[in-house]
Enquirer: 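Once you've had a glance at the structure underneath, I'll fire off some questions.
In this chain, numbering begins with 1 at the start of the sequence shown. Just the heavy atoms: all of them, side chains too, but no hydrogens, waters or symmetry mates, feed the values below. As the structure lists them, so they are numbered: ligands from 1, and atoms in each ligand from 1.
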Amino acid sequence: MSKRKQLIAGNWKMNGSLAANEALVGELLAGVGQPACDVVVCPPGVYLGQLQRLLTGSPIELGAQNVSTHDNGAFTGDVSADMLKDFGVRYAIVGHSERRQHQAESDVHVAIKAKRALAAGITPIVCVGETLREREEGMTDFIVKRQLAAVIHLNGHCVSEIVVAYEPVWAIGTGKTATPEQAQAVHAVLRAQLKAATEHADRVRILYGGSMNAANAAELLAQPDIDGGLIGGAALKSADFLKIVSAAQ
Ligand code: 13P
């Protein structure tokens, strides 16, 4: 069992509406009680103001799904870390595989985003993970280490302040979860890499993401280096998300 306070983060991706968000948050707040773990939800950016209003004073924190690589200026469509901070955002997902794939985000972009978030006092949740083909070719460790190395290189000892999320691309939205042993093996590789970069690697939380659900969460969260979950589909169903929260420490 992990030595760290676990973190359960809901990534709503591009889902929701004013009405649906209000209903979902209402159900979450009615059931969450005093959670043993940290809990955060990451709605689409346009709803951060609504969620800030709904969550203020509650045990559920607010996260963003992305942050700009820039501070401010002529970057149409971008939202800066300081702007997110204005809305009470505590965490920002950076480098999700869907953005790496569809928005051509490189390892260097992801590293800069993590740096911008840290500078604004926002904890970046840095996503890493291999595709099915990369796993089949035996490249998993190489890929995740390359992705994390860029963040370490740019952020130095500040990496002790980040959260890492291992999300195998083949497990996202597919119902194919990594086994606890497969996930733990990669988490151990990431922990060792962090240890070489900071003496505080033991306090960095490494989340698992990819078809985590109410039925498989407890077994994954029991692994020594799995410190929480980054939840997609199951974060949109209050009963499922709350069961995952209850399974965490
Ligand atoms: P699913 O839980 O839907 O597989 O999504 C995982 C994910 O991508 C969270 O960021």
Enquirer: May I have all residue pairs that pass side chain to side chain donor-acceptor pair (under 3.5 Å) and include part of residues 47-63, sequence neighbours excluded?
Expert: N21-Q50, E61-R90

Enquirer: Give a yes or no on whether E199 atom CD has more than 12 heavy-atom contacts from other residues, nucleotides or ligands under 6.0 Å away.
Expert: no

Enquirer: If the cut-off is 4.0 Å to any non-hydrogen atom of G173, which atoms of ligand 1 fall inside it?
Expert: 1 (P), 3 (O), 4 (O)

Enquirer: Just which atoms of ligand 1 are under 4.0 Å from any heavy atom in G210?
Expert: 4 (O), 6 (C)

Enquirer: Considering residues, nucleotides and ligands other than K145, do more than 12 of their heavy atoms fall under 6.0 Å from its NZ?
Expert: no

Enquirer: Do other residues, nucleotides or ligands put more than 12 heavy atoms under 6.0 Å from H200 NE2?
Expert: yes

Enquirer: Which ligand 1 atoms are under 4.0 Å away from a heavy-atom of G233?
Expert: 1 (P), 2 (O), 3 (O)

Enquirer: Should K13 be counted as touching ligand 1, given the test is an N or O pair under 3.5 Å?
Expert: yes

Enquirer: Find all atoms of ligand 1 within a distance of less than 4.0 Å from any non-hydrogen atom belonging to E167, and give their numbers and elements.
Expert: 6 (C), 7 (C), 8 (O), 9 (C), 10 (O)

Enquirer: Relative to the heavy atoms of N11, which atoms of ligand 1 are at a distance of less than 4.0 Å?
Expert: 9 (C), 10 (O)

Enquirer: What's the shortest heavy-atom distance between V32 and P59, and which atoms?
Expert: CG1-CG, 3.8 Å

Enquirer: What is the closest protein heavy atom to atom 2 (O) of ligand 1, and at what distance does it sit?
Expert: G232 N, 2.9 Å

Enquirer: Give a yes or no on whether E219 atom CD has more than 12 heavy-atom contacts from other residues, nucleotides or ligands under 6.0 Å away.
Expert: no

Enquirer: Under a 4.0 angstrom heavy-atom cut-off, which atoms of ligand 1 come close to A171?
Expert: 4 (O)

